[in-house]
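We name chains A, B, ... by the order of the sequence lines, and we start the count at 1 in each one.
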Amino acid sequence: MPSPLKVYNTLTAQLESFDPINPPFVGLYLCGPTVYGYPHLGHTRGPLVFDVIHRYLAHLGYKVRFVRNITDVGHLVNDADEGEDKIAKRAKVEQLEPMEIAQHYTDAYHFCIDKLNVKRPSIEPRASGHIIEQIEMIKQIIDNGFAYEANGSVYFDVLKYAQTNDYGKLSGRILEDLLAGAGEARRELEGQEEKKNPNDFALWKKASEEHIMQWPSPWGQGFPGWHIECSAMSAKYLGKTFDIHGGGMDLLFPHHESEIAQSTACNHTNPAKYWMHHNMVTINGQKMAKSLNNGVMITELFDGSHPLLEQAYSPMTLKFFILQAHYRSTLDFSNDALKASEKGFQRLMNAVNLVNTLKPGNSSDFDVTALKENTYNALNDDFNTPIAIANLFEAAGWINKINDGKANISAADLEVLKSFINAFVFDVLGLVDEQKEMGTNLVDPLMQLLITMRNEAKAEKDYKKSDDIRNKLLQAGFELKDGKEGTTYTINLKP
RNA sequence: GGUCCUGUGGCCGAGUGGCUAGGCUCAGCUCUGCAAAAGCUGCUACAGCGGUUCGAAUCCGCUCGGGACCUCCA
């Protein structure tokens, strides 16, 4: 029997067994993108990791409602007190409607994520579509005595909250340290004097006249603070307490810490049972971030146009690359690493295709059930995709041996192997055989014709002609392979 | 400055107190008209210095290196 599912909970800093609040239902919330720029490599990790989590939970039989938001308001350019919305700033530069920009980058995000075969969430709420919910929540927090209005803005009273709650329990921060550590590192913030305490954060910000995205509120024209959107939207669609809240480690503080504080101040309950955080994609050992300007855009990866790239890499190569690392480890980007993933992925897909053509024997030379169990155990151990993939490679090895007649598998075991490997590769990991997808329909009959012609030439020992066909095809992106069962081909994706 | 994470073989990247992770690369072999693919074989690492232990890459301490967060950030 496979081991039970365990997840690492940032809140307790421990591996915990996964017990949904209302089985078989699972509420899963992931902090989505801020749509004010094109997505880079790092932006794919969250969606990819939580896609596997989403898929695996569904695979295990849970009814998952997966909510991933689009942030199209509220993220401020510098800080809460300069009051310029990121989206609005781009609008001024490009002379477009703010929502036009948000839509544009949302589309770009969807384009990239879809290429990676990430399942769309059950609900994808926009922050701008939930202003009312956010205002209601802020009102409740004020009523509960944990927020105050100052000059048209509303701030969360961290000190008041900390009197009866643990502010910092998620990120492991100690309020006294935060207060003391403010010192030199903290910038001189304009309007900081509105706050009772430097650690107080904005729930609602007063908008200046130039500020394009603004809404009426009980406190005047303004816009919501950064953290409140996730609290409002997760509560609306998943309830005041739900199962899993995820995001990047860089959101741990202050974003998620503040979410917990807000939700607790409003609803008197911890919003999520499990908090899961994935690590960063690094480049030259440093975090890839918009603010550091070291991002490789996803479309640049797909078409190989970024100067650091030696070639184009397909979406599945990127996906496989990311899944070959555990989600809580940093993952360093490099051409060599990407190439290794490209090769390895192809090898795995070859084996997966082969498994459907295998002929069973009388007995099995290896323990299929154990292999399957090990693969489940890997994912049950905090979604350890690299170990799961290692097991799939072991299965691939056996598949190849069986295909070569150097190993046997019983008919019953073959069925187990087929169903399990297909389930894991396609359903759980969500991989796609890109070459196969391209190769069907129109291309295949033509290829079969050329293969036949070449084999005729070979039979006549006209190797010039046969090699010519092979070389020309290779140049065109079709690689021929002579096997015992005949000639097959692969399509190489090149820009 | 504070809090925390991390340092694995040519590259990427798992991992447990004692038993080969895996992928890629490289070399040799089998197969093949040649090549590719596939298979087989080889390459045994855990920053440094101490300590605990019968035994540590895995636990503890120190040193050195890298990184994250403390400010928008996936």
Test: A/Lys458 and A/Asp482 ion pair at under 4.0 Å: yes

Rounded distance in Å - NE2 (A/His278) to P (B/rA74): 9 Å

Short N-O contact, A/Asp382 and A/Arg328, less than 4.0 angstrom: yes

Sugar-phosphate only, base, or nothing, as touched by A/Lys461 at under 4.0 Å among non-hydrogen atoms: nothing

Atom-pair distance (CG on A/Leu474; C1' on B/rA35), nearest Å: 10 Å

Touch class at under 4.0 angstrom, heavy-atom based, for A/Gly285 against every strand present: sugar-phosphate

Side-chain N or O of A/Asn384 closer than 4.0 Å to phosphate OP1/OP2 of B/rG15: yes

A/Asp482 CG - B/rA37 P separation (whole Å): 12 Å

Short side-chain donor-acceptor distance under 3.5 Å, A/Tyr155 and A/Asn197: no

Quiz item: A/Asn403 side-chain donor-acceptor pair to B/rG39 base, under 3.5 Å: no

Whole angstrom value for the distance that separates C1' of B/rU32 from CG of A/Asp404: 13 Å

Sugar-phosphate only, base, or nothing, as touched by A/Leu331 at under 4.0 Å among non-hydrogen atoms: sugar-phosphate

Among B/rC72, B/rG39, B/rA14, the nucleotide that comes nearest once only the side chain of A/His326 is considered: B/rA14

Sugar-phosphate only, base, or nothing, as touched by A/Gln286 at under 4.0 Å among non-hydrogen atoms: sugar-phosphate

Options B/rC34, B/rA38, B/rG23, nucleotide nearest the side-chain atoms of A/Asn400: B/rA38

Contact nearer the 5' end of RNA chain B, comparing A/Asn350 with A/Met288: A/Asn350

Integer-rounded Å distance: B/rG13 P and A/Ile387 CD1: 14 Å

A/Phe393 over B/rG23, stacked by centroid distance under 5.5 Å, angle under 30°: no

Sugar-phosphate only, base, or nothing, as touched by A/Ala337 at under 4.0 Å among non-hydrogen atoms: sugar-phosphate

Gap between atoms CD and C1', on A/Glu342 and B/rC12 respectively (whole Å): 14 Å

A/Phe333 vs A/Arg454, nearer the 5' end of RNA chain B by closest nucleotide: A/Phe333

Mutual orientation of the aromatic rings belonging to A/Phe66 and A/His54 [parallel < 30°, tilted 30-60°, perpendicular > 60°]: tilted

P-based separation of B/rG15 from B/rC59 [nearest Å]: 12 Å

Sugar-phosphate only, base, or nothing, as touched by A/Gly46 at under 4.0 Å among non-hydrogen atoms: nothing

Atom P, compared across B/rU58 and B/rC49: separation rounded to whole Å: 12 Å

A/His40 side-chain proximity, nearest of B/rA36, B/rA74, B/rC12: B/rA74

Atom P, compared across B/rA21 and B/rU41: separation rounded to whole Å: 16 Å

Candidate nucleotides B/rC69, B/rG23, B/rC34, ranked by approach to the side chain of A/Asp467 - the nearest: B/rC34

d(CG, A/Asp336; P, B/rC11) in whole Å: 10 Å

Sugar-phosphate, base or nothing in reach of A/Phe253, heavy atoms under 4.0 Å: sugar-phosphate

Basic-acidic side-chain contact under 4.0 Å: A/Lys196, A/Asp157: yes

B/rU6 versus B/rU20 - spacing of their C1' atoms, nearest Å: 26 Å

side-chain N/O A/Arg328 vs B/rA68 OP1/OP2, d < 4.0 Å: no

B/rA57 and B/rG48, which share atom name P, separated by this distance in whole Å: 10 Å

Parallel, tilted or perpendicular: ring planes of A/Tyr29 versus A/His245, cut at 30 and 60 degrees: tilted

Atom C1', compared across B/rC70 and B/rC11: separation rounded to whole Å: 34 Å

Identity of whatever pairs with B/rG22 - Watson-Crick or G-U, under 3.5 angstrom: B/rC12

side-chain N/O A/Ser329 vs B/rA14 OP1/OP2, d < 4.0 Å: yes

Touch class at under 4.0 angstrom, heavy-atom based, for A/Ala289 against every strand present: base

Check: A/Arg470 side chain, B/rA35 base, donor-acceptor under 3.5 Å: yes

Below 4.0 Å: OP1/OP2 of B/rG23 and any side-chain N or O of A/Lys343: no

Atom P, compared across B/rG39 and B/rG23: separation rounded to whole Å: 10 Å

Any A/Arg347 side-chain N or O less than 4.0 Å from OP1/OP2 of B/rC24: yes

For B/rA27, the Watson-Crick or wobble partner whose two distances fall under 3.5 Å: B/rU41

Sugar-phosphate only, base, or nothing, as touched by A/Leu392 at under 4.0 Å among non-hydrogen atoms: nothing

A/Arg470/A/Asp467 ion pair, N-O < 4.0 Å: yes

Assigned partner base of B/rU58, Watson-Crick or wobble definition, under 3.5 Å: none

Gap between atoms CZ and P, on A/Phe320 and B/rC24 respectively (whole Å): 9 Å

Ionic contact status for A/Asp51 with A/Arg55, cut-off 4.0 Å: yes

Neighbour count >12 (heavy atoms, 6.0 Å) for atom NZ, A/Lys465: no

Identity of whatever pairs with B/rU3 - Watson-Crick or G-U, under 3.5 angstrom: B/rA68

Interatomic distance at P, B/rA27 relative to B/rA35, whole Å: 14 Å

Minimum-distance nucleotide to A/Lys458 side chain [options: B/rC69, B/rA37, B/rG33]: B/rG33

Any-strand Watson-Crick or G-U partner of B/rC46, both distances under 3.5 Å: none

OP1 or OP2 of B/rC40 under 4.0 Å from side-chain N/O of A/Lys401: yes

Side-chain N,O (A/Thr44) to OP1/OP2 (B/rA74) below 4.0 Å: no

Salt bridge present between A/Arg120 and A/Asp114 (N-O < 4.0 angstrom): yes

